[in-house]
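Because the structure is predicted, anything quoted here is derived from the model rather than measured.
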Amino acid sequence: MKSISSLFTILLVASFALGQNKKFTVKHISEPISPDGVLDEPIWATAESAADFWEYFPLDSIQARQQTDIKMLYDDKNLYIGITVYADGKNYAIESLRRDFRAGNSDNITLLFDTFNDGTTAFMFGTNPLGVRREGLISGGGGGTGGFNTTWDVKWKGDSKIYDTYYTSEMVIPLTSFKFREGETKWRFNSYRFDTQSNEQSTWINIPRNQLIFSLAFMGDMVFERPLGKSRTPLAIIPYINTIAQKDFETDDDQTDFKVGGDAKISIGNGLNLDITVNPDFSNVEVDNIFTNLTRFEISLPERRQFFIDNSDLFSSFGGGRDANPFFSRRIGIATDTADNSIENRILAGVRLSGKLNQNWRLGFLNVQTEEDLANEIPSNNNAMLALQKRVFARSNIGFFFINRQSFKDYDFVAEEDRYNRVVGMDYNLASADNTWVGRFYGHKSFQPNSSGNDLSLGANLQYNTRNYNVFTDWVLVEDDFRSDLGFIRRNDILKGVLGIERVFWPKRGNINSHSFEFFPIVTWSPERDLKNTDYNLMSSWNVQFKNQAELEVEMQNRFTFLLESFDPTDTDGALELPGDQGYYYTNFSLEYNSDRRKIFSYRIEPSFGDFFNGKIYSVEAGMSLRVQPNFFATLNLNYDRIDLPDPFPSAELWLISPRFDITFSKSLFWSTLIQYSNQRDNLGVNSRLQWRFAPLSDLFLVYNDNYFVNSFSPRFRSINLKLTYWLNI
């Protein structure tokens, strides 16, 4: 019996190894294929297949129960893809008809193309049973969700056709949509699929469950029958016109404006993109979600502006994303007025060059000029960054950068130390061939007038990730005078250490697919105060993932906070703040449950309770979604915090309620409305956006914004935009 078990293990390991060397040939053809979703062209019978998918969830050691077959052909202009996706029936989950849909809670298939064969970046294209398309960029080797970006857009065609026990999809992707080396003969490739009917997730190349499903460490090869020619990306001109009417009820100021501007995308060689923007307008960008902030620190929000998206990891991935990110593109175009309020600071123009120089080198250069606003004492600034990244070993790289923010001229209202800010640095990003070891080591230094010399930011983190153990450590030093005006620096004068240990279990029977225990302590000291311990958070948790994709987490946090300055966590006007120069010990408990997102109705709930500084807190976070497919999708998010502090300090009940309604009338007409109520911010906001995609990547937007004071329920600010954009390839 033991010998049979050993033989089975050897065969399983051998099959796994063979699976990682899978490849297929992409044949060259002379006649184009129309992407109607029906694979009835005889030429498809001659194409080789990427088949024999592996299951990723709930198991990662067997062939997929519902198989997928992918065929590819190409000519001098296009890559043609024909896909057959087998299923139990026609009961597919479709969230909406909107392009760039979310994949995790619906039926779909995604294809990943590593065109430079480096295991660090890839192009992503996907579709679903109704032929709705999405595209995106993968960076950082697919090692984290931060490197997954669907904001990127490019022109391509595709459609699908549903049959009784399968659906077929056809894609026609212009080769100009990719970047690759001239004369290339193969790309690394993988595909992953979500099947809600059989509750299965599968991949062409076998990926261990402890790795993300879009990891670029696990890919096969697509071999071209003939070498590829030049990547002749066309010149894209994207002009816009925008009319806006708005009223500020606080100042009784009415404005009507007409704006004209646009972007251009220019290909430089086979690997570089040059983006140019003149008088950009971002009124059509989705509004940010409001949050309840009970901390002393700023919270970062994702970048949604198209100009900053392409190859964004070249600029934004330096340093520590949570504590010391030297470049945060959302700093550009936002400034602080004389009343210390954040307001828009108009971007006049910008250029952005990014991409591959060759197999081993990547380049990023950005230069953006913002407008002066003398009434609000905001200078005109030049914002620039240069980044270089060199590949080393299998999937690691070394990055160098230089950032410069400088006032365009001398202003009387600009202090000497704010005239300019410069940051230089180097990062080493480690990623082993199989992603078991990942990490980062970096050193950055800032330069500004009257600097004390304590202007370094240093960090090191390392993660060891296997099937049963996950160990993570992170160390960060941000000196007191380190500055990055274009970065996200949560706080200065910190030495922070983290050591997380997680043990994962995989039961062979029952309803639990996996569960884990994790201990994650975070400790912070102040170097300027003789390494005084200012914070610690000792987190312990138990996480359960069920076979129906529901999840449960129980967590305890034991905290210490030494307030250097007085602070009011309720943010109540005129309230007595908690005294500074004093330490507070408090413990919290939380329970979070996420239901099966494949269902028409799903929900999430997270109650928590415990001590809070010198008082008590009770909180509930909840969310629910309802899908009336494929035309209607609604979500409701709710945050409730009841803070009870002893007299004479303030207590508060904080509410944040955010319903969102998405109606997709067709694949080209969408209506989205977000309502956000927050009594902490004294604001009720309504953002409603109607989008008509009248041509590929060309849109007509009608955007309505309305904001009210909560306490008095009086109008605050109102605007309406009508914007037309057109994508023209030359």
Side-chain angles (χ1 to χ4, degrees), residues 23-51 53 67-87 97 99-100 107-115 122-136 153-163 165-180 184-193 204 220-234 236 667-668 693 695-697 727 729:
K23 65 181 180 180
F24 64 97
T25 300
V26 185
K27 294 184 178 181
H28 188 275
I29 60 175
S30 56
E31 295 294 328
I33 298 174
S34 176
D36 58 5
V38 182
L39 305 181
D40 56 357
E41 292 85 358
I43 193 68
W44 284 122
T46 70
E48 292 188 15
S49 293
F53 271 53
Q67 280 293 326
T68 305
D69 183 272
I70 301 174
K71 295 183 176 182
M72 296 192 198
L73 301 164
Y74 76 112
D75 58 21
D76 294 336
K77 294 183 178 180
N78 300 306
L79 178 66
Y80 302 96
I81 305 170
I83 309 172
T84 303
V85 181
Y86 295 94
L97 299 175
R99 190 164 177 157
D100 292 336
D107 285 271
N108 58 85
I109 185 165
T110 299
L111 288 73
L112 304 176
F113 301 92
D114 178 3
T115 60
F123 296 91
M124 181 204 80
F125 294 88
T127 189
N128 68 10
L130 294 183
V132 183
R133 287 168 282 162
R134 70 179 191 140
E135 66 275 291
D153 286 326
V154 71
K155 285 186 177 182
W156 62 287
K157 299 178 181 179
D159 209 345
S160 298
K161 174 72 172 179
I162 296 177
Y163 299 90
T165 58
Y166 65 95
Y167 70 89
T168 58
S169 298
E170 278 185 313
M171 301 179 178
V172 177
I173 306 175
L175 291 173
T176 55
S177 300
F178 301 97
K179 291 294 182 182
F180 52 86
E184 187 62 82
T185 58
K186 76 176 181 69
W187 294 348
R188 297 175 76 242
F189 169 77
N190 198 14
S191 174
Y192 63 86
R193 172 198 169 185
W204 182 52
D221 292 330
M222 48 184 288
V223 181
F224 294 98
E225 192 174 49
R226 301 180 187 177
L228 295 172
K230 288 186 177 180
S231 175
R232 301 180 180 89
T233 303
K667 294 180 186 178
S668 59
R693 177 148 286 183
L697 299 183
W727 187 300
N729 283 344

Original post:
Given D221 and K23, is the salt bridge (Lys or Arg N to Asp or Glu O under 4.0 Å) satisfied, shown in steps?
Top reply: CA-CA 5 Å; D221 292 330; K23 65 181 180 180; over 6 Å; no

**OP:** Check whether the ring centres of W204 and F24 lie less than 6.0 Å apart, and answer yes or no.
**Re:** yes

**OP:** Starting at OG1 of T25, measure out to CG of L73 and round the result to the nearest 0.5 Å.
**Re:** 11.5 Å

Original post:
Going through the checks in order, is the side-chain contact (heavy atoms from CB on, under 4.5 Å) test met by D153 and D100?
Top reply: CA-CA 9 Å; D153 286 326; D100 292 336; 3.4 Å; yes

Original post:
Quick one: are F123 and V154 in side-chain contact, heavy atoms under 4.5 Å?
Top reply: no

Original post:
Is any side-chain heavy atom of I70 closer than 4.5 Å to a side-chain heavy atom of I109?
Top reply: yes

Subject >> Side chains of L697 and R99 in contact at under 4.5 Å (non-hydrogen atoms) >> reply: yes

Original post:
Is atom NZ of K155 surrounded by more than 12 heavy atoms (other residues, nucleotides or ligands) closer than 6.0 Å?
Top reply: yes

**OP:** Flag yes if more than 12 heavy atoms outside K186 fall under 6.0 Å of its NZ atom; otherwise flag no.
**Re:** yes

Subject >> Distance flag, aromatic centroids of F178 and F125, threshold under 6.0 Å >> reply: yes

**OP:** Answer whether the closest heavy-atom distance between the side chains of T46 and I29 falls below 4.5 Å.
**Re:** no

Original post:
Could you give the distance from OH (Y80) to CD (E170), rounded to the nearest 0.5 Å?
Top reply: 10.5 Å

Original post:
Counting N and O atoms only, with roles assigned by atom type, does the side chain of R188 sit under 3.5 Å from a partner on the main chain of L112, one being a donor and the other an acceptor?
Top reply: no

Original post:
Is there a side-chain contact (heavy atoms from CB on, under 4.5 Å) between D75 and K77 once you walk through the steps?
Top reply: CA-CA 5 Å; D75 58 21; K77 294 183 178 180; 3.8 Å; yes

**OP:** Report yes if some heavy atom in the side chain of L111 is under 4.5 Å from a heavy atom in the side chain of M222; otherwise report no.
**Re:** no

**OP:** Report the distance from atom CG of D114 to atom CH2 of W187, rounding to the nearest 0.5 Å.
**Re:** 10.5 Å

Original post:
Minimum heavy-atom separation for Y167 to P129, with atom names?
Top reply: CE2-CG, 3.5 Å

**OP:** Hey, could you give me the CH2/CG distance between W44 and D69, rounded to the nearest 0.5 Å?
**Re:** 10.5 Å

**OP:** Test W156 against M171 for side-chain contact (heavy atoms from CB on, under 4.5 Å), laying out the working first.
**Re:** CA-CA 8 Å; W156 62 287; M171 301 179 178; 3.6 Å; yes

**OP:** Sort out for me which residue in T127, L39, N108 forms a side chain to side chain contact (heavy atoms under 4.5 Å, CB included) with S169.
**Re:** T127

Original post:
Taking the side chain as C-beta and beyond, is there a heavy-atom pair between R134 and T110 under 4.5 Å?
Top reply: yes

**OP:** Determine whether D159 and K667 make a side-chain contact, defined as any pair of heavy atoms from C-beta on separated by less than 4.5 Å.
**Re:** yes

Subject >> From CG (N190) to CZ (F53), nearest 0.5 Å >> reply: 7.5 Å

**OP:** Please report the closest heavy-atom contact between D76 and L175, naming both atoms and the distance.
**Re:** O-CD1, 3.9 Å

Subject >> Chi angles and distances behind the side-chain contact (heavy atoms from CB on, under 4.5 Å) call for M72, I173 >> reply: CA-CA 11 Å; M72 296 192 198; I173 306 175; over 6 Å; no

**OP:** Using atom types as modelled and distance alone, determine if a side-chain donor or acceptor of N128 lies under 3.5 Å from a backbone N or O of R133.
**Re:** no

Subject >> Taking every non-hydrogen atom, the tightest pair across N729 and A236 >> reply: OD1-CB, 3.6 Å

Subject >> Backbone N/O of T84 and side chain of T168: donor-acceptor pair under 3.5 Å >> reply: no

**OP:** Using modelled atom types only, decide if a donor and an acceptor are shared between the side chain of Y74 and the backbone of R226 within a distance under 3.5 Å.
**Re:** yes

Subject >> Gap between atom CG of D107 and atom OG of S160 - 0.5 Å precision >> reply: 11.5 Å

